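Right, one structure below, let's go through it.
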Amino acid sequence: MPTVSIKSLNKQFEVNKNEIIYDALERQGHELPHGCLAGSCGACRIEILEGAENLEPASSMEENTIGALKTNYERLHGRGSAANKIIRLACRAKLNGDGDLVIEPFKI
């Protein structure tokens, strides 16, 4: 079974194939920051440190929210500062079942 690890907490959570990351962690007693849980507010943003290839592609709503988050991040931290960051929304991102993931909550 694939896992999602939160690097700074040194915690690992089992995730079912096609299960939403937020739901899997909450089911196991860990609640990530969140807001709408629909993919539009961006409060549940996570940075993918390892295993991005093990995620299902982002929906257009998630892509739009991520784009806005990266724009805001670059406004605060300088142009190009978000270029190498892989950001996803925990309330929308799903593992495709092929491997593990290492994440951190993404702070702007």
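Please read these numbers as outputs of a predicted model, since none were measured by experiment.
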Are [Y] and [X] co-members of a hydrophobic cluster defined by side-chain heavy atoms under 4.5 Å apart?
| X | Y | result |
| --- | --- | --- |
| F106 | L76 | yes |
| L25 | L89 | no |
| V4 | L9 | yes |

Any chance you could measure I108, atom CD1, to R75, atom CZ, to the nearest 0.5 Å?
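I108 atom CD1 to R75 atom CZ measures 9.0 Å (nearest 0.5 Å).
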
Spacing of Y73 atom OH and I66 atom CD1 [to the nearest 0.5 Å]:
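Answer for the OH-CD1 pair, Y73 versus I66, is 15.0 Å.
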
Within-4.5 Å side-chain heavy-atom neighbours: [X] and [Y]:
| X | Y | answer |
| --- | --- | --- |
| R27 | N16 | yes |
| I6 | V102 | no |
| I87 | K70 | yes |
| N96 | L55 | no |
| L95 | E19 | no |
| L32 | C44 | no |
| V15 | I20 | no |

Nearest heavy atoms of [X] and [Y], plus distance in Å:
| X | Y | value |
| --- | --- | --- |
| I86 | A52 | CD1-CB, 3.8 Å |
| I21 | I46 | CD1-CD1, 4.3 Å |
| G39 | C91 | N-SG, 3.4 Å |
| C41 | G35 | SG-CA, 3.7 Å |

Walk me through whether E14 and T3 qualify under side chain to side chain donor-acceptor pair (under 3.5 Å).
CA-CA 4 Å; E14 290 186 345; T3 62; over 6 Å; no

Would you say the side-chain atoms of D100 pair up with the backbone N or O of P2, donor to acceptor, closer than 3.5 Å?
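No, D100 side chain to P2 backbone: no donor-acceptor pair under 3.5 Å.
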
Sidechain-backbone polar pair: E104 side chain, K7 backbone, donor-acceptor under 3.5 Å:
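Confirmed, E104 side chain pairs with K7 backbone.
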
Please list, chain by chain and in numerical order, all residues satisfying side chain to side chain contact (heavy atoms under 4.5 Å, CB included) with T71, sequence neighbours excluded.
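Partners of T71 under the side chain to side chain contact (heavy atoms under 4.5 Å, CB included) test: none.
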
Which pairs, with at least one residue in residues 30-48 and sequence neighbours excluded, count as a side-chain hydrogen bond (donor to acceptor under 3.5 Å, both in side chains)?
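Those involving residues 30-48 are Y22-H34.
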
Listed once per pair and sorted, the side-chain hydrogen bond (donor to acceptor under 3.5 Å, both in side chains) pairs that draw on residues 49-66, sequence neighbours left out
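Residue pairs passing side-chain hydrogen bond (donor to acceptor under 3.5 Å, both in side chains), neighbours aside: E62-R88.
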
Heavy-atom neighbours of N18 CG exceed 12 at 6.0 Å:
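Counting neighbours around CG of N18, more than 12 heavy atoms of other residues, nucleotides or ligands fall under 6.0 Å, so yes.
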
